[in-house]
2 protein chains.
Amino acid sequence: MTTIFSIEDEEALVSLLEYNIQSAGYKFQHSPNGYDGMMKLQKSKPDLILLDWMLPDISGTEVCKFVRSHKDLKSTPIIMLTAKGEEQDLLSGFDMGCDDYLTKPFSPAELIARIKALLRRSTDSSQDAVLSYGNIKMDTGTHRVYCCEEEAKLGPREYRILEFLMRHPGRVYSRQQILDSVWGTNVYVTDRTIDVHIRRLRKALSNTEECKVIRTIRSSGYSLDSQT
Amino acid sequence: MTTIFSIEDEEALVSLLEYNIQSAGYKFQHSPNGYDGMMKLQKSKPDLILLDWMLPDISGTEVCKFVRSHKDLKSTPIIMLTAKGEEQDLLSGFDMGCDDYLTKPFSPAELIARIKALLRRSTDSSQDAVLSYGNIKMDTGTHRVYCCEEEAKLGPREYRILEFLMRHPGRVYSRQQILDSVWGTNVYVTDRTIDVHIRRLRKALSNTEECKVIRTIRSSGYSLDSQT
DNA sequence: GGCATATTTAACATAACTGTAACATTGAAG
DNA sequence: CTTCAATGTTACAGTTATGTTAAATATGCC
């Protein structure tokens, strides 16, 4: 069963986490401080770690470093939990190698959504490191995209949009669905922004020859599909 | 129509909610206290609930519990509204199963955005399917329509009319029913407009051979049916 | 802080779709 | 067979969605 390991000292929050994570169908394990947590992590080898930024003994950064340097835990996704106002410090914490973060108080729905997203990412990449459609290849390991054997240079957003589309080729996605999936929910961005990114994607994917692979479905959205 | 039900005692806030929610195109229903709200909820079965944390009679937690334990309301998303400083109590309240929360005062834009996000999440279970009737196939995932193995090019309106008809083949729909379903209610459009779209549909679906699949029922409407 | 890059918005151009009107055709009742 | 109402057909102008570009804003990096 998929296991989520939480290192967190606030008891109220722990029970909240336990309830919601178990409701979502995951196994929940827990440790109240950093040193104890690091010990248990080595035995537990969970699928994902929820890490409090401020722990009673050592900082989340240290735990993060530890996880990233440990052979068996190296690729375990980490979600950092921070109190309001700590975001600034946290930004630098991304350098430590955490994959996502949430600011307290957060909604359980949000937490579960991010957990799912991260788990999906990690399992997918282990299953198929190279996605391909037509003459487009995407290596999710190296984050490189090739079109007709030539490398295409994409910005991060373009990359994620393309990845999203390539996971379900042919299927039509509305701009809203693309926003939810690539940007995340509760983000204020105009629909039209997607048009611009789609434009750049198309441009980047049309290097050597005509590779019109992104179809516009008027009033509905876009899909990865050959144009009619 | 999508209905939002609010349980809230502050009158000023209620009218603010009502205005913004209706402006966003939702139906607004309301109750000023917990007990009354729970009664009305059972009849209303709204698509989303806005719940004040501090109600005059019982706490939002109780209402939340009630909703989650009620057969017909169990999966209705709940957004909790709290005054500033109540967040701490609220954390434990998430155990009750609310999906999101907002701290007063909040911006209407923020509220609407979260409502939309939640509604989207609950309806994202993709109902992709391939509808088919006679030699016509419609793939709702890719938004492509085939007639006699050849792709038919339809505008958005034609697509939606065809989808509507294909979901109940053989059944006769009046122009008004088609209007309500495809255009939406309270839209000022002439009945005759449908004739034109039906014409375009027929044209698009008659590529290789005679595929007369849309039947005219004089003085009644249209249906997807082989001609007599 | 200053630079480079990425992202978002805004503005305009273009293409596609939509609705209406005007006229032609059909079908049923008398 | 005539007549009237319903429907078919067509063309056009209005509307909307999307494409495209550029400029503004944000982000990350020395």
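All chains are named by letter (A, B, ...) in the order of the sequence lines, taking the proteins before the strands, and each is independently numbered beginning at 1. Because only heavy atoms are used, hydrogens play no part in the values below, and waters and symmetry mates are left out as well, while side chains stay in.
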What is the distance from [atom1] of [X] to [atom2] of [N], rounded to the nearest Å?
| X | N | atom1 | atom2 | answer |
| --- | --- | --- | --- | --- |
| B:Ile217 | C:dA28 | CD1 | P | 13 Å |
| B:Asp195 | C:dC23 | CG | C1' | 14 Å |
| A:Arg160 | C:dA6 | CZ | C1' | 14 Å |
| B:Arg175 | D:dA5 | CZ | C1' | 12 Å |
| A:Ile178 | C:dT8 | CD1 | P | 13 Å |
| A:Ile198 | C:dT7 | CD1 | P | 14 Å |

Aromatic ring proximity, centroids under 6.0 angstrom, B:His143 and B:Tyr159
yes
Are A:Tyr222 and A:Tyr173 near enough that their ring centres are under 6.0 Å apart?
no
Going by atom types only, do A:Arg175 and A:Ser220 share a side-chain donor-acceptor pair under 3.5 Å?
no
Taking any heavy-atom pair under 4.0 Å as a contact, classify B:Tyr159: base, sugar-phosphate, or nothing.
nothing
Are the side chain of B:Ser174 and the backbone N or O of B:Gln177 linked by a donor-acceptor pair below 3.5 Å?
yes
Is it the case that the side chain of A:Arg215 and the backbone of B:Thr142 share a donor-acceptor pair, with hydrogens and angles ignored and the cut-off at 3.5 Å?
yes
Quick one: is D:dG19 close enough that its OP1 or OP2 comes under 4.0 Å of any side-chain N or O from A:Arg202?
yes
Under 4.0 angstrom between B:Thr216 side-chain N/O and D:dG8 OP1 or OP2
yes
Using the 3.5 Å cut-off, write out each protein N or O paired with an N or O of nucleotides 15-21 of chain C and the distance between them.
unit_1, atom_1, unit_2, atom_2, d
C:dT18, OP1, B:Arg157, N, 2.8
C:dG19, OP1, B:Arg157, NH1, 3.0
C:dG19, OP1, B:Trp183, NE1, 2.5
C:dG19, OP2, B:Trp183, NE1, 3.4
C:dG19, OP2, B:His197, NE2, 2.8
C:dG19, O6, B:Arg200, NH2, 2.6
C:dT20, OP2, B:Thr190, N, 3.0
C:dT20, OP2, B:Thr190, OG1, 3.0
C:dT20, OP2, B:Thr193, OG1, 2.7

Assess whether a salt bridge exists between B:Arg144 and A:Asp225, defined as any Lys/Arg side-chain N lying under 4.0 Å from an Asp/Glu carboxylate O.
yes
